[in-house]
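The structure under discussion appears below in the form of structure tokens.
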Amino acid sequence: QTAVAVNDADQTGVNIEPDTNATFRIISGAVCKKDGGAGDCSSGTNLEGLAGIEVFAYSQAAGGGSNFTQTASDGTYSLRVPGATGYTVEAWDHRAGPLPMLNSVDTSGGDATSQDIVISTPLTVAVNIEDGASGAVVLEEIFIELFDDSTGIRQNLFIENDSNGT
């Protein structure tokens, strides 16, 4: 490994390369949504691979490291990481926020394939704001927070009334 201190001057001519003693492995899988949200991304009702999801893997175990990528158009991903135990694989959807994570992914003895992150096909939530007499209410702004206890995923929505032209 090469250590480079960058203070006030540019550093040039430094070859940064991975540790030559490390064995790199692959963590791969897919990020998908399907009815029921259980199992893997190989089959299911209304199965859809999710493109453009950011996927991160990291391990604090000895010899571990980290890496990130983005899912392909079919929802698949592949990361190269140093062989180690205890990798956590997290995914982030810019529309929905954090997705369920995988824990204890082991690459110490070989590649870790089929590391799928599966979410349930989203359901529709209708929010009606009414007064005590079941009449509609006009608000200047409202903040709505939805939380799924089973996955720990939280979604926030802020709505402003623009009927006054602002």
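Nothing fancy with the numbering, it's 1 onward along the sequence. Predicted model only: the values in this text are computed from it and were never measured. The basis for the numbers below is simple: all heavy atoms, side chains too, and nothing from hydrogens, waters or symmetry mates.
With hydrogens and angles disregarded, a donor-acceptor distance shorter than 3.5 Å links the side chain of Asp116 to the backbone of Ala30. Checking side-chain atoms of Asn46 against main-chain N and O of Asp35 turns up no donor-acceptor pair under 3.5 Å. Although no hydrogens or angles enter the test, the distance criterion places a donor-acceptor pair under 3.5 Å between the side chain of Thr71 and the main chain of Gly52. Lys34 places no side-chain N or O within 3.5 Å of a backbone atom of Cys41 that could act as its donor or acceptor partner.
Counting only heavy atoms from C-beta outward, the side chains of Ser108 and Tyr87 never approach each other to under 4.5 Å. Put simply, the side chain of Thr69 does not reach to within 4.5 Å of the side chain of Ser78, judged on heavy atoms. At least one side-chain heavy atom of Tyr77 sits less than 4.5 Å from a side-chain heavy atom of Ile27.
Both Leu102 and Val31 are part of a single hydrophobic cluster, where members link through side-chain heavy atoms under 4.5 Å apart. Note: the hydrophobic cluster containing Leu79 does not contain Val118 (ILVMFWY, side chain heavy atoms under 4.5 Å, direct or indirect links). A chain of hydrophobic side-chain contacts below 4.5 Å, direct or via other Ile, Leu, Val, Met, Phe, Trp or Tyr residues, connects Val105 to Val81. The cluster map of Ile, Leu, Val, Met, Phe, Trp and Tyr, joined by side-chain heavy atoms under 4.5 Å apart, puts Ile142 and Leu146 in the same cluster.
Nearest heavy-atom pair across Gly64 and Pro82 is C-CG, 4.3 Å. Heavy-atom minimum distance, Asp106 versus Ala84: OD1-O, 3.5 Å. In this structure, Thr85 and Ala61 approach most closely via the heavy-atom pair O-CB, 3.3 Å. When all heavy atoms of Glu54 and Phe56 are compared, the pair lying nearest together is OE1-CZ, 3.5 Å. When all heavy atoms of Ser66 and Tyr58 are compared, the closest pair comes out as CB-CB, 3.8 Å. Nearest heavy atom pair, residue Ala91 against residue Ile53, reads CB-CG2, 3.8 Å.
For the atom pair Thr113 OG1 and Arg25 CZ, the distance stands at 12.5 Å (nearest 0.5 Å). The distance from the SG atom of Cys32 to the CD atom of Glu48 is 9.5 Å, given to the nearest 0.5 Å. Expressed to the nearest 0.5 Å, how far CZ of Arg95 lies from CG of Leu50 amounts to 7.0 Å. Interatomic distance, Glu145 CD to Asn156 CG, rounded to the nearest 0.5 Å: 4.5 Å.
Dense packing is recorded around CD of Gln70, with more than 12 heavy atoms of other residues, nucleotides or ligands lying under 6.0 Å away.
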Full working for side chain to side chain donor-acceptor pair (under 3.5 Å) between Asp40 and Ser42: CA-CA 6 Å; Asp40 59 33; Ser42 63; 2.5 Å; yes

